[in-house]
Amino acid sequence: MRILSSEVKDHIGEEVQIEGWLHKKRLLGGLTFINVRDRRGLTQVVITDKDEVEKLRGLQIGTVLKVEGMAHEEPRAPGGAELKDAKITVLVPVEAEPPIEIDKPLSHKPDNLDTLFEHRVLGLRNLQEAKVFKIRASLLRYLREFLYDNEFVEINTPKILAGATEGGAEVFKIDYFGGEAVLAQSPQFYKQIMTGVYERVFEIAPAYRAELSATSRHVSEVTMLDIEMGFIEGHEDVLDMVQDMVYHALTKVYKEHADDLKSLQAPELVLKEKFPRYTVAQVHEMYTKATGTDTTNEKDLIPDEEKWICEYATKNDGCEAVYVTQFPVEAMKFYHMVNPDDPTTVMWGDLLFRGLEIATCPQREHNYDKMIEQMKAKGLDPEHPGYKYYLQAFKHGLPAHGGCGFGIDRLVEKTIGLGNVKEAILFPRDINRLAP
RNA sequence: GGGCUCGUAGUGAAGAGGCCUAUCACGCCUCCCUGUCACGGAGGAGAUCGCCGGUUCGAAUCCGGUCGGGCCCGCCA
């Protein structure tokens with residue numbers, strides 16, 4: 001009967017059996033230590049028998065082993081317990097030398113990322129790399145937990161579409177039984193439609209962006225958390241919900257994974273329950289005044305402003321997450337709602353965290369006639385098949401609603417303090433990488 | 001798409017016209033070592049210095065091209 005690494009200490013004085021991967025050998029002559037890795041972590045095994053040590057000869061890191069031995073309490077062993085008088089059985093022999101190191105931290109220098117991803121299959125077995133994706137899983141878990149607790153229904157929408165309609169990013173064209181289709185760059189239309197069913201919905205799914213962007217914050221396949229909620233009383237309801245969700249997930253993860261985050265050298269979390277909010281115009285004005293670079297005519301924030309306002313908010317508001325609201329009407333998409341109190345701005349806020357935009361949170365125009373009007377103003381044809389089904393939902397009644405498109409990869413990157421969004425993705429896809 | 005950068009054993013780095021028959025660390029192989037946990041010690045194998053061409057008596061090093069990365073901008077989340 002197999003027990004796990006974390007259970008060895010509960011079986012002191014008993015003959016136990018563990019199974020896992022050979023993680024590290026340390027031969028000290030008459031005494032050999034090996035670490036065996038399983039899903040819970042490492043078990044230290046002490047081997048003194050020459051014949052048992054000889055079984056390990058030529059076997060590389062990654063060998064799948066069964067180890068039977070006596071569980072001993074041992075203060076000198078990691079975790080306070082180890083296996084002694086061990087008998088080793090090789091379940092899957094491995095003779096190939098791993099191309100990268102498994103038991104020492106891997107280089108994450110930008111110049112070495114290509115090697116990191118080239119050997120990703122084995123590099124992910126590195127304990128430090130594995131921690132990144134455990135933390136990612138926890139973030140997703142707590143985001144989901146918050147959304148379920150707030151009556152959001154999890155949905156799945158199609159990723160193969162007839163044509164690009166959301167506007168914005170470039171799309172991938174694919175061959176669809178001889179015809180042309182595109183990969184979804186956002187589930188936005190579908191989630192808005194679904195507010196007509198459940199009021200509150202969310203989806204965690206990939207989105208595909210064919211942008212020729214080669215930066216530390218872009219990939220071709222991203223994991224998006226898309227949220228949409230109906231019957232809002234104003235844009236603030238959306239911002240509050242997303243804020244509370246992020247606060248919930250980050251504080252939980254920082255508590256649960258304190259040790260892992262520390263070993264990954266993640267920054268200390270500086271967060272307030274209520275995130276500071278500044279308008280785009282305010283940020284432009286403050287940034288221009290502080291740096292001398294005039295951004296007052298920019299319609300969006302420039303990347304350096306995103307960094308600057310986050311540093312400003314951390315210092316002055318004690319919060320690394322900050323909302324930038326009221327984007328200028330020049331940047332608006334046809335589905336945005338114009339600010340009723342100020343027609344030069346749109347009900348649209350971006351959530352920034354540690355210098356990077358991680359979510360965009362707009363309120364949508366929900367009035368059918370106004371939508372048609374706004375589409376025509378943008379030169380779009382409401383009769384176009386790409387808009388037909390979408391508009392049907394409005395025609396038959398959608399409440400005031402808004403939501404967010406939330407970049408999971410970027411959240412993981414910034415939570416851990418990584419330098420490139422790709423480091424937060426198991427197998428990243430960018431303009432020049434499609435494998436592994 | 002534009003600008004700027006970088007390609008040296010499996011991995012990470014040093015070398016910046018001759019001292020290079022290319023150095024170091026990790027990993028690998030052999031040997032020694034009974035409490036290691038980045039174990040330690042001795043030895044060994046492993047690189048046509050991304051590729052092509054040029055300058056030079058001489059090129060890892062300088063120049064041109066090419067291929068492949070990276071960073072930033074634009075675009076975008």
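Residue numbers begin at 1 in each chain, while the letters A, B, ... track the order of the sequences. Note that the structure is predicted; figures quoted are calculated from it, not measured.
- In this structure A:Tyr190 satisfies the side-chain hydrogen bond (donor to acceptor under 3.5 Å, both in side chains) test with no other residue, sequence neighbours excluded.
- Contacts between residues 275-288 of chain A and RNA chain B, counted as heavy-atom distances below 4.0 Å, involve no residue at all.
- With sequence neighbours excluded, the residues satisfying side-chain contact (heavy atoms from CB on, under 4.5 Å) with A:Leu183 are A:Phe172, A:Ile174, A:Tyr208.
- For RNA chain B, the residues of residues 19-27 of chain A within the heavy-atom distance limit of 4.0 Å (strictly under) are A:Lys24, A:Arg26, A:Leu27, sorted by number.
- When the side-chain contact (heavy atoms from CB on, under 4.5 Å) test is applied to A:Asp381, the partners found at least two apart in sequence or on another chain are A:Glu383, A:His384.
- Heavy-atom distances under 4.0 Å link RNA chain B to A:Arg57, A:Gln60 of residues 54-71 of chain A, given in residue order.
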Please tabulate, one pair per line, all N/O donor-acceptor pairs under 3.5 Å involving side-chain atoms of residues 86-95 of chain A, not counting sequence neighbours.
none

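- Within residues 31-48 of chain A, the residues having any heavy atom closer than 4.0 Å to RNA chain B are, in order of number, A:Leu31, A:Phe33, A:Gln44.
- Applying the side-chain hydrogen bond (donor to acceptor under 3.5 Å, both in side chains) rule to A:Glu15 yields no partners; only residues at least two apart in sequence or on another chain are considered.
- With sequence neighbours left out, the side-chain contact (heavy atoms from CB on, under 4.5 Å) criterion links A:Lys84 to A:Val46, A:His72, A:Glu74, A:Glu82.
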Within the sub-3.5 Å range, which N or O atoms of nucleotides 8-12 of chain B have a protein N or O partner, and how far apart are they?
from	atom 1	to	atom 2	distance (Å)
B:rG10	O2'	A:Pro99	O	2.5
B:rG12	OP1	A:Thr115	OG1	3.2
B:rG12	O3'	A:Asn112	ND2	3.0

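- Sorted by first then second residue, the salt bridge (charged side-chain N to carboxylate O under 4.0 Å, His left out) pairs that include residues 23-37 of chain A, not counting sequence neighbours, are A:Lys24-A:Asp103.
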